[in-house]
Trainee: 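Attaching a single structure in structure tokens format; questions to follow.
No hydrogens, no waters, no symmetry mates; every other heavy atom, side chains included, goes into these values. Numbering of ligands and ligand atoms starts at 1, following listing order. Since this is a predicted model, take the numbers as computed values, not measurements.
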Amino acid sequence: MAERNSPSVGLISQKSLFSLLLIASILFIMSWLFVLRSTGRPHFADHSLLPNSKLLAVMDNENYESWSPSDNEPSTLSSSAVDDNVEIPRRNDLVDCNTNKVVLKVFMYDLPPEFHFELIEWKGDGKSVWPDIKTKVPEYPGGLNLQHSIEYWLTLDLLSSDFADIMNGRSAIRVLNSSEADVIFVPFFSSISYNRYSRSKPNKRSSMNKLLQEKLVTFLTAQEEWKRSGGRDHIIVAHHPNSLLDARMKLWPAIFILSDFGRYPPNIANVEKDVIAPYKHVIRNFVDDSSNFDTRPTLLYFQGAIYRKDGGFVRQELFYLLKDEKDVHFSFGSVQRDGISKATQGMHSSKFCLNIAGDTPSSNRLFDAIASHCVPVIISDEIELPYEDVLDYSQFCIFVRTSDALKEKFLINLIRSIKRDEWTRMWAKLKEVENFFEYQYPSKEGDAVQMIWQAVARKVPPIKMKLHKSRRFSRSPPPRVGALQSVPLPRNFVRLGML
Ligand SMILES: *[C@@H]1O[C@H](CO)[C@@H](O)[C@H](O)[C@H]1NC(C)=O
């Protein structure tokens with residue numbers, strides 16, 4: 001019996017040994033995967049996919065698809081958001097995400113100089129449309145005009161793309177054949193046109209600003225480039241809230257570059273279609289800022305104009321709530337040229353800087369605060385922020401709802417509850433992100449000009465999708481004449497009193 005059974009026993013034990021081994025190795029692999037999941041994920045995220053996942057969400061489209069904050073791992077995310085030891089990415093990490101990016105191809109109309117450089121008093125030779133910026137760059141008028149000078153910096157960057165040999169860090173290049181372009185840039189200096197030329201001459205019916213806008217509409221709508229896209233791939237800069245007031249009702253299919261949407265009906269401009277650009281700050285940069293929580297004596301700083309409209313009410317209320325608080329500087333009066341150095345000193349020596357909605361949701365106060373490394377406290381429920389799809393402002397700004405800010409002691413208690421460590425973390429972030437808000441010529445990698453081009457580039461895929469779809473039946477007779485060009489009136493047109 002024993003002898004007859006022994007082979008089968010041996011067989012059974014061999015089988016069970018094998019399955020035991022199998023189970024053991026499965027368990028081993030599973031436990032290993034578990035360890036990887038719990039400890040390894042941040043490594044994948046930080047080093048391969050998202051070089052700088054904490055600060056800039058995602059910089060390029062490929063990664064955009066593969067990572068979304070709502071992806072089944074809320075614990076990892078929320079813990080990294082409040083992690084006390086958030087390591088600050090080095091400057092290299094910040095710009096890393098721009099490498100290997102596809103460069104935006106931009107065609108720029110050769111608009112007559114009266115639309116651009118002549119508005120800032122450049123006198124051409126009558127032959128060339130553009131100044132020769134290799135020899136001399138015309139200056140933009142200084143003072144408060146500069147805060148809306150975005151039109152100028154973008155145009156200069158495109159002009160310089162013809163001869164700049166350093167492609168490094170460039171997010172857009174100028175192409176001379178519009179068929180090869182991703183977008184079409186309209187070089188109208190609308191903000192300076194509004195600021196300088198909106199008063200009518202005594203003997204003229206309209207102001208020059210109005211006339212230029214009429215001419216622009218006539219010019220654009222006659223162009224092949226406009227017709228083939230219905231204007232959708234055109235970039236028009238209208239950073240001053242009152243610039244382009246007339247033309248925008250006819251040019252609204254284009255991508256506008258704006259400071260906010262405060263004075264726009266939602267169908268004329270919105271966050272899906274358009275790009276929000278920072279103001280150019282008027283406060284001087286805090287170079288070599290070695291200040292800290294204790295060396296900035298003022299807790300909370302506000303200096304701004306008082307408005308008669310809604311914004312003025314909030315500012316007034318906050319003034320009464322804060323005026324007797326220790327270490328709070330709160331005063332009215334807009335920053336004029338002579339006040340700039342005082343305001344610079346004030347912001348450079350404050351821990352927190354208030355940004356309260358004025359007559360528009362945005363103001364350059366925010367960008368002054370960033371340049372001063374003064375942690376912005378934003379009280380503006382309708383504000384839209386530049387590049388917010390890739391930049392998490394909560395890491396270096398405090399947001400307070402207006403309704404909360406107007407509660408007794410709410411704001412001051414909140415500010416006082418932010419202690420040295422947390423403030424220092426935000427201050428360090430401000431130093432990292434400030435370059436994203438710098439306008440300069442020549443533009444440098446990762447500055448405001450490049451960030452705006454990148455924001456425009458992110459608008460291109462949905463535009464192309466719409467255009468391609470609209471061409472599906474181009475061989476069939478059109479349903480209506482010029483269906484694409486004759487854009488229907490926005491729904492809110494009449495209701496919003498724009499007619
Ligand atoms: C512009 O580009 C298109 C498409 O690449 C090409 O067919 C056309 O010939 C080009 N035009 C000129 C003037 O080079």
Trainee: When you measure from atom 5 (O) of ligand 1 to every protein heavy atom, which one gives the shortest distance, and what is it?
Mentor: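 Heavy-atom neighbour on the protein nearest atom 5 (O) of ligand 1: Glu180 OE2, 3.8 Å.
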Trainee: For the ring pair His116 and Phe188, is the centre-to-centre distance below 6.0 Å?
Mentor: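 Not under 6.0 Å, so no.
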Trainee: For atom 11 (N) of ligand 1, what is the nearest protein heavy atom, given as residue, atom name and distance?
Mentor: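 Nearest neighbour among protein heavy atoms for atom 11 (N) of ligand 1, to 0.1 Å: Asn177 ND2, 2.9 Å.
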Trainee: Which residue holds the protein heavy atom closest to atom 4 (C) of ligand 1, what is that atom called, and what is the gap in Å?
Mentor: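 Looking at atom 4 (C) of ligand 1, the protein heavy atom closest to it is Ser179 CB, 4.0 Å.
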Trainee: Given 3.5 Å as the limit, does a donor-acceptor pair link the side chain of Asn355 with the main chain of Cys353, or not?
Mentor: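 Yes.
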Trainee: Specify the closest pair of heavy atoms between Ile463 and Arg232, including all atoms of both residues, with the distance to one decimal.
Mentor: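 In this case the closest contact between Ile463 and Arg232 is CD1-O, 3.5 Å.
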Trainee: More than 12 heavy atoms of other residues, nucleotides or ligands under 6.0 Å from CZ of Arg401: is that the case?
Mentor: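 Atom CZ in Arg401 is not crowded, with 12 or fewer foreign heavy atoms closer than 6.0 Å.
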Trainee: Please determine which of Ser200, Ser198, Ser190, Ser193 meets the side-chain hydrogen bond (donor to acceptor under 3.5 Å, both in side chains) test together with Asn209.
Mentor: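 The passing option is Ser193.
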Trainee: With the threshold set strictly below 4.0 angstrom, can you tell me whether any protein non-hydrogen atom sits that near atom 14 (O) of ligand 1?
Mentor: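 Under 4.0 Å from atom 14 (O) of ligand 1, at least one protein heavy atom found.
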Trainee: Using protein heavy atoms only, decide if any is under 4.0 Å from atom 9 (O) of ligand 1.
Mentor: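 When distances to the protein are checked, atom 9 (O) of ligand 1 has no heavy atom within 4.0 Å.
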